[in-house]
Amino acid sequence: MTQRLLLALWLLAGLFQPALAQSLSDWPNKAKFAIDTTPEGGNLRSALQQFVLPLRLHTGNFDFKAAKPDGTDLRFVAADGKTVLPHRLEAFDAANELAVAWVQVPSIAPATRDQFIWVYSGNPKADAPPAARLYDARTPLVVRFGEPLANEGGGQAELVGTGVGIEPSGVAGRGGKLAAGGTLVAQGTDVKIGADGATASAWVRGIGTGASGAVLTLAGERSRIEVAVANGVPSLRVVQQAAAGAPATPATAPAAATAALSADRWQLLAVVVGADRVVLLVDGAEVASVAAKVPEQPVRMTVGGGPAFDVDDVVLATVARVPEYLRATFASQGPDNAMIGLAQEEAGEISHFKILVDNLTLDGKIVIYLLAVMFVIATWVIIAKAISLQRAARANARFLEAFRSTGDEAFLAPTFGAASVGAAGASSTFTGSPLYAMFEAASGQVRARVPDGASDVEHARGTIGPKSMASIRAAIDATLVREGNRLNRLIVLLTIAISGGPFIGLLGTVVGVMITFAAIAAAGDVNINAIAPGIAAALLATVAGLAVAIPALFAYNWLAAKIKELVSEMQIFSDELVSRIAETFER
């Protein structure tokens, strides 16, 4: 009898799957999402069954314009392309192109990236799918906040909220906001610690340093499990209550975590009641535990009662979840969403850039490597010259301010500023200033022509004649030319990149096209599919040449304008310097 029943079910499944596959052909659009259970994603070490995870849809991974405005045409399909998965839309905002859907995956394998979910859309005739149960019988309570509060789990539970508001930006869709002292209470025959233990979890935000009070409580007739925070640090406490006629059981000492919760981000707080101990986990990692055997019993689950905080996705399961389950919950639901993402391009899809690179000939590769070296050199020159010119402009500004505020004694001092502003910082303050270099050349000429011992202007007036002034002007002009050459140093490398880059790239393209046509001639067969990749790869050399030349051209024009400004400033200062020396020292 059992064999006949299984055979009948198998035949029905065989008839149903083709019909389902045929029906999905009415959905023209689909997106592929990957489930990553490697250490970089969910970090699973064992398989999970009937796991519910959120898919966050947005502009970058889903075409909202192709879907119905209310999202009722969405279908979530397993990797086989046939099995439609149960789902529930938490939110679907076509105007802002944001949506969150909760999807039940039959099984998730550990340490792999080869698991996928297809999202089908674009069928205007599709009706809303029938309501589906996402959670198994071992998950009687799932609260995701709305108005009114509702239980989406698989059991009966009475929900009572006091001081509970709506938080629009929950961890996935809308969440709740608990005022200080506010509580969310769930109770009923299905809300219990089962024979296989229990797992209570909630996403919380806003509990940071300074917050103290109750956060999560499971209170039964025989046991009470309390999670509280003191200055933001969570702790776990188990109180066993003696049955009637039994000796009293001492309370278990509380166990505290070593770090405070973060007030700025969502964190997953979970309590796992096992066979012989109770464990507190934060973001899927164990932070405290208490050795205690908690018997099977109905409980009153309370979230809140202490500080104000945001809450979302309150869940109670009548089984002690394995650590992998909570790690997967954190990785799939958390803000980083490390476990789920848009799948990379499918095998067989064309990568145009890969085609270009694979079809490059040896000469093309040499040209591109040469252009890469030119690009690096040009980039280094651009950065170095930009920094150098900026420093020179700033040093000029500092020097001019000091020069115009000092007396004529500065020309007689061994170092600029010794007579007025102090010489200690002169060597570093004006480093890189062309104006300072011109002044030093002029003041050296002045000191060489005034009488020895003339330490002030009054003793040095009238000591420089016209011929000496001509020599001083020549020294200033020579320094101006040298400083101008220093400012223009290495700029020639940019001109080489600008003029040489495109020609080198063109050379690579021409040689590549020649080789391609030579190969056609040798083969004696013209096939566009054969020659197109070679020609396209040859054109890549020209693109590389332009990529070197265009940034160098813009940078060259900008640097040339800056150098021109500095040279003009030097020419103006030259006239000012000569005039001041002549007025002070010429006879």
Side-chain angles (χ1 to χ4, degrees), residues 351-397 431-438 477-519 531-572:
S351 172
H352 299 292
F353 185 78
K354 185 174 185 298
I355 291 176
L356 296 177
V357 174
D358 290 344
N359 285 275
L360 275 174
T361 57
L362 177 61
D363 58 286
K365 292 180 180 178
I366 293 173
V367 167
I368 289 179
Y369 290 153
L370 177 60
L371 290 171
V373 173
M374 292 178 62
F375 180 82
V376 171
I377 294 174
T379 302
W380 172 74
V381 171
I382 292 169
I383 296 173
K385 293 306 294 183
I387 295 173
S388 175
L389 295 178
Q390 187 71 13
R391 288 177 177 172
R394 291 176 179 174
N396 278 351
T431 299
S433 170
L435 304 186
Y436 177 63
M438 294 169 62
D477 292 339
T479 306
L480 188 152
V481 173
R482 282 194 294 270
E483 289 298 313
N485 291 337
R486 183 177 66 83
L487 294 176
N488 283 284
R489 189 178 304 158
L490 301 179
I491 291 295
V492 66
L493 296 177
L494 293 184
T495 62
I496 292 174
I498 294 169
S499 58
F503 283 101
I504 294 175
L506 182 59
L507 175 63
T509 295
V510 171
V511 173
V513 172
M514 288 172 56
I515 293 175
T516 301
F517 281 107
I531 67 174
I535 295 177
L539 291 171
L540 185 61
T542 298
V543 173
L546 293 174
V548 171
I550 291 173
L553 176 63
F554 291 136
Y556 173 83
N557 290 330
W558 182 80
L559 292 173
K562 293 294 183 182
I563 293 172
K564 185 176 180 181
E565 291 177 4
L566 290 172
V567 172
S568 298
E569 189 177 27
M570 291 161 59
Q571 292 171 345
I572 295 171

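Scope of the values below: all heavy atoms of this structure, side chains included, with no hydrogens, waters or symmetry mates. Keep in mind the model is a prediction, meaning the values are calculated, not measured.
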**Student:** May I ask you to test the E569-P434 pair for a side-chain heavy-atom distance under 4.5 Å?
**Tutor:** no

**Student:** Got Y369 and V373 here, is their nearest side-chain heavy-atom distance under 4.5 Å?
**Tutor:** no

**Student:** Sub-3.5 Å donor-acceptor pair from the side chain of S388 to the main-chain atoms of K385, do we have one?
**Tutor:** no

**Student:** Just how far is it from atom CG of N488 to atom CG of L566, taken to the nearest 0.5 Å?
**Tutor:** 10.0 Å

**Student:** Pick from N557, V381, L553: which one makes a side chain to side chain contact (heavy atoms under 4.5 Å, CB included) with L494?
**Tutor:** V381

**Student:** Which heavy atom in M570 sits nearest to a heavy atom in M438, and how many Å separate them?
**Tutor:** O-CE, 3.4 Å

**Student:** Answer yes or no: is there a side-chain heavy-atom contact under 4.5 Å between F503 and L507?
**Tutor:**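 No, side chains not in contact.
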
**Student:** What heavy-atom pair brings A386 and W558 nearest, and what distance separates the two atoms?
**Tutor:**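 A386 and W558 have their closest heavy atoms at CB-CZ3, 3.9 Å.
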
**Student:** Kindly compute the distance separating OG1 (T479) from OH (Y436), expressed to the nearest 0.5 Å.
**Tutor:** 12.5 Å

**Student:** Got a second to check how far F554's CZ is from I382's CD1, nearest 0.5 Å?
**Tutor:** 11.5 Å

**Student:** Hey, what do you get for CG (D477) to CZ (R482), rounding to the nearest 0.5 Å?
**Tutor:**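 CZ of R482 is found 10.5 Å from CG of D477.
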
**Student:** Answer yes or no: is there a donor N or O on one side and an acceptor on the other, between the side chain of T509 and the main chain of T542, under 3.5 Å?
**Tutor:**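 Yes, T509 side chain to T542 backbone: donor-acceptor pair under 3.5 Å.
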
**Student:** Could you check if a side-chain atom of N396 sits within less than 4.5 angstrom of a side-chain atom of E565, using non-hydrogen atoms only?
**Tutor:** no

**Student:** Using the side-chain hydrogen bond (donor to acceptor under 3.5 Å, both in side chains) criterion, which residues pair with D363? Sequence neighbours excluded.
**Tutor:** T361

**Student:** For residues M374 and G501, report the shortest heavy-atom separation together with the two atoms involved.
**Tutor:**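 Nearest heavy atoms, M374 then G501: CE-N, 4.0 Å.
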
**Student:** Evaluate the side chain to side chain contact (heavy atoms under 4.5 Å, CB included) criterion for residues Q571 and V567: first the C-alpha distance (whole Å), next the side-chain angles of each, then the deciding distance (0.1 Å), finally the verdict.
**Tutor:** CA-CA 6 Å; Q571 292 171 345; V567 172; 3.9 Å; yes

**Student:** Is V367 close to V511 at the side-chain level, that is, under 4.5 Å between some pair of heavy atoms?
**Tutor:** no

**Student:** Could you give the distance from CG (L493) to CH2 (W380), rounded to the nearest 0.5 Å?
**Tutor:**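 It comes to 7.5 Å.
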
**Student:** State, to 0.1 Å, how close P502 and A497 come at their nearest heavy-atom pair, and which atoms those are.
**Tutor:** CD-O, 3.9 Å

**Student:** Inspect the surroundings of CZ in R391 and state if more than 12 heavy atoms from other residues, nucleotides or ligands are less than 6.0 Å away.
**Tutor:** no

**Student:** List the atom of A541, the atom of I368, and the distance in Å for their closest heavy-atom pair.
**Tutor:**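 Where A541 meets I368 most closely, the heavy atoms are CA-CG1, 4.3 Å.
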
**Student:** As a quick check of understanding, evaluate side chain to side chain contact (heavy atoms under 4.5 Å, CB included) for I563 and I491, giving each step before the final call.
**Tutor:** CA-CA 10 Å; I563 293 172; I491 291 295; 4.0 Å; yes

**Student:** Measuring from atom CG of L371 to atom CD1 of I366, what distance do you get when rounded to the nearest 0.5 angstrom?
**Tutor:**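 Rounded to the nearest 0.5 Å, the CG-CD1 separation comes out at 12.0 Å.
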
